[in-house]
There are 2 protein chains.
Amino acid sequence: MQNKIPTIQEMARILKLSKSTVSRALRNHPAIGLRTTQQVQKLAKELNYEPNQMAISFSKKKTMSIGVIVSSLDVYFHKAVFGIEDCAYANDYNVLISQTRDEYDIEKKVLETMRKQRVDGIVASISRNAPDIEHFEKCKQYNIPVVFFDRVPDVPNINSVWCRLDISTVELVSYLVSKGHEKIALINGPDTLPIKNERLKGYYDGHIKNGLKVHEHFIKVADLSTVGTYEAMDQLLSHRVKPSAIITFNDYMSLDAMHYLRKVKPGRYPDIDFVTYSNLPTTRYLDRPPLAYVDQFPYEQGKLATEVLFRQLNGLAHPETTPPENLIIESKLVIY
Amino acid sequence: MQNKIPTIQEMARILKLSKSTVSRALRNHPAIGLRTTQQVQKLAKELNYEPNQMAISFSKKKTMSIGVIVSSLDVYFHKAVFGIEDCAYANDYNVLISQTRDEYDIEKKVLETMRKQRVDGIVASISRNAPDIEHFEKCKQYNIPVVFFDRVPDVPNINSVWCRLDISTVELVSYLVSKGHEKIALINGPDTLPIKNERLKGYYDGHIKNGLKVHEHFIKVADLSTVGTYEAMDQLLSHRVKPSAIITFNDYMSLDAMHYLRKVKPGRYPDIDFVTYSNLPTTRYLDRPPLAYVDQFPYEQGKLATEVLFRQLNGLAHPETTPPENLIIESKLVIY
DNA sequence: AAAATAGTTGCAACCGGTTGCCTGAAATTA
DNA sequence: TAATTTCAGGCAACCGGTTGCAACTATTTT
């Protein structure tokens, strides 16, 4: 009942040609005559021939697909994926997405799966609690280039694209100072080893630049859970000296922090101004949204990282003339 | 410099065995002796042998991967993808995700790509404005089963998993009535042909059940843009008789509608209660969130759809005893 | 002791393309 | 006219596994 799926050999049989000729004719190989080429392409169209991608991948040792590893497809990385897709599709590549849920073990597993699937290259943002990147070592052996983005491990000799936050954080502090704030707190994310801690650096630099003294108890670290943020807020606010503005690690944290201040303990403390990083589109619907945020341009990061990846892919044959690339883009302070 | 990637033939050469023996030994084939099997597996471990998935896919005509087609990886479909992944990974399958951005042309393109990649099966939520599903026809020829979920075309003889909304919508109306509302509006999504319009049905049924008359001007249709929602709200509120409660198509729309009422035209109209469908986690941070929402269980839908897909995949050899499945799950009214 | 059986392993085809090299015919040049 | 070049197409190996079947050895049965 079901139609047979046409293959090259089938078409060769029909046209009484060899399959190599058909293969070449389909790709407009110059060695094949015009008449033959047209004949073959006509038949291919009639039969709805579609090349078997599996066979091509196998024979060319190229899957024409790249792997993307992110912690989670939240709004932020979703934007990054769009950038990656746009670049990949423009190069006729497919995209395989895997989420690590920020767990090192899952990251190792999905990386292994991708290697076994023989993706041609990988764009990755490492897990927050990955202690190392040795699991990426094997990609070298398999000649699979890797470009890290956004969360970039702090080791030499890798491809990376990331968005520096220190300068914008200084601006963030300056902005708050210009609004009259002098007691500025920072609730940072977990302090994991392989990733740079630029929010903290910018926080210090911003205080120095504005001639403010840093109060160490204004600096808190929270895991990224709601409860963790509540605890950090609790500690922060239980101190004698209370901040008048808080810089939070990201928008999810700012939501929790604001919620704690205004809903969990309403009226207990004077209101506080918030500023944050990245940006959830839904934040703008809040009655009192954060005053400002630092845009980290996830779309652009994803796109750039993929461009780097393709340069590495094309340069695989000449590794000596294709050194690793490390691109840094500047984040931007956005005031509502 | 780079290590060679070990293959079966390489190991066969080292052990002076045939490659078929090595191949079988690696998979614990009973016909292979214990000593040989152990020997082979020992060497495989030493060499870090990893089977070439491309070669396996090619020779078995199975890619061990399924395709997922959704309009966008927003929060809602993101949950669905988790359900799909959980089920797929449990069956040692990989997942390829593609977003259509709700455009028919992109849907056709990604579907074609997946077919060329020879995914073993597809789980799809069709684009909102897809006029038909004929582009899925070719999957039959390629023996690629398709399971539609969430947005299910209303045609016979397909696999589908969806969540009925009519009963919950009746409950939604009843809930609002119990809160004293008698003038209840509905801002629905675009009325596209292939997908059932259960919100509207439930809206009518709910009015009948509660002995309320339906005012046609309380029923609006908006595209899913912010501006579209603003316009619908504007029309709704410009009428002499104003609603005291509004049912919105989804949470994004409720955010825009509330924003319009409270921020764009503040104080102009008496406040209105909102209820909605699905649920953004960030909604709870609003000062006046919707009172209730209808949970559509995207995770469960995704998981169930994938289970159906695997049953279809396993039944491919016996299509006569594997009829299409159509599962319907019940949505649930959740009151904050 | 011959025959049947069970347990191992190898041979070779196959999956559907790609590609280096060869061949034969036609066209051009010497 | 013979030699050379060009053009068009075919042959066969290859990518790295899987699999049906044959073959060989050792053991058991008759």
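Residue numbers start from 1 in every chain, and the chains themselves are labelled A, B, ... in the order their sequence lines are given, proteins ahead of strands. Being a predicted model, the structure only gives us computed values, none of them experimental.
- Atom NE2 of H29(B) and atom P of dG17(D) are 17 Å apart (whole Å).
- Between T36(A) and dG9(D) there is a side-chain N or O to OP1 or OP2 distance below 4.0 Å.
- For Q41(A), the side-chain hydrogen bond (donor to acceptor under 3.5 Å, both in side chains) partners are N28(A), not counting sequence neighbours.
- Remark: C1' of dT19(D) and CG of L26(B) are 15 Å apart, rounded to the nearest angstrom.
- Heavy-atom distances to DNA chain C give each of S20(B) and F58(B) a nearest nucleotide, and the one nearer the 5′ end belongs to S20(B).
- Separating the CG atom in L304(B) from the CZ atom in F297(B) is a distance of 11.5 Å, to the nearest 0.5 Å.
- For the pair K16(A) and dG9(D), the criterion of a side-chain N or O lying under 4.0 Å from OP1 or OP2 is not met.
- Backbone-only engagement by T7(B) is indicated by non-hydrogen atom pairs under 4.0 Å involving sugar-phosphate atoms exclusively.
- Counting only heavy atoms from C-beta outward, the side chains of Q53(B) and N94(B) never approach each other to under 4.5 Å.
- Evaluation of atom-type donor-acceptor distances gives no pair under 3.5 Å for the side chain of K19(A) against the base of dG10(D).
- At dT18(C), one or more side-chain N or O atoms of R27(A) fall inside 4.0 Å of OP1 or OP2 (strictly under the cut-off).
- In the displayed structure, K42(A) atom NZ is contacted under 6.0 Å by at most 12 heavy atoms of other residues, nucleotides or ligands.
- For S18(A), a side-chain nitrogen or oxygen approaches OP1 or OP2 of dG10(D) to under 4.0 Å.
- For the OP1/OP2 pair of dG10(D) and a distance below 4.0 Å, the side-chain nitrogens and oxygens of T21(A) include at least one atom meeting the criterion.
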**OP:** Check step by step if side-chain contact (heavy atoms from CB on, under 4.5 Å) holds for I66(A) and I84(A).
**Re:** CA-CA 10 Å; I66(A) 62 173; I84(A) 294 168; 4.1 Å; yes
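- Nucleotides of DNA chain C nearest to T37(B) and R24(A) differ in position, and the one nearer the 5' end is that of T37(B).
- Nucleic acid contact class of K62(A) (heavy atoms, under 4.0 Å, all strands): none.
- Between the two ends of the helix from dA1(C)-dT30(D) to dA30(C)-dT1(D), each summarised by a five-pair axis, the helix axis turns through 60° (rounded to 10 degrees).
- Applying the 4.0 Å criterion to OP1 and OP2 of dC14(C), one finds that K60(B) has every side-chain N and O outside that range.
- Residues L327(B) and I329(B) have side chains not in contact (no heavy-atom distance under 4.5 Å, counting atoms from C-beta outward).
- When only modelled atom types and interatomic distance are considered, K62(A) and Y93(A) share a side-chain donor-acceptor pair under 3.5 Å.
- A distance of 9.0 Å separates CG of D92(A) from OG1 of T113(B), quoted to the nearest 0.5 Å.
- Heavy-atom distances under 4.0 Å link DNA chain D to Y49(B), N52(B), A55(B), I56(B) of residues 45-57 of chain B, given in residue order.
- One can place CZ of R35(B) at 14 Å from P of dA26(D), the figure rounded to the nearest angstrom.
- Considering OH of Y76(A) and OG of S71(A), their distance stands at 10.0 Å, rounded to 0.5 Å.
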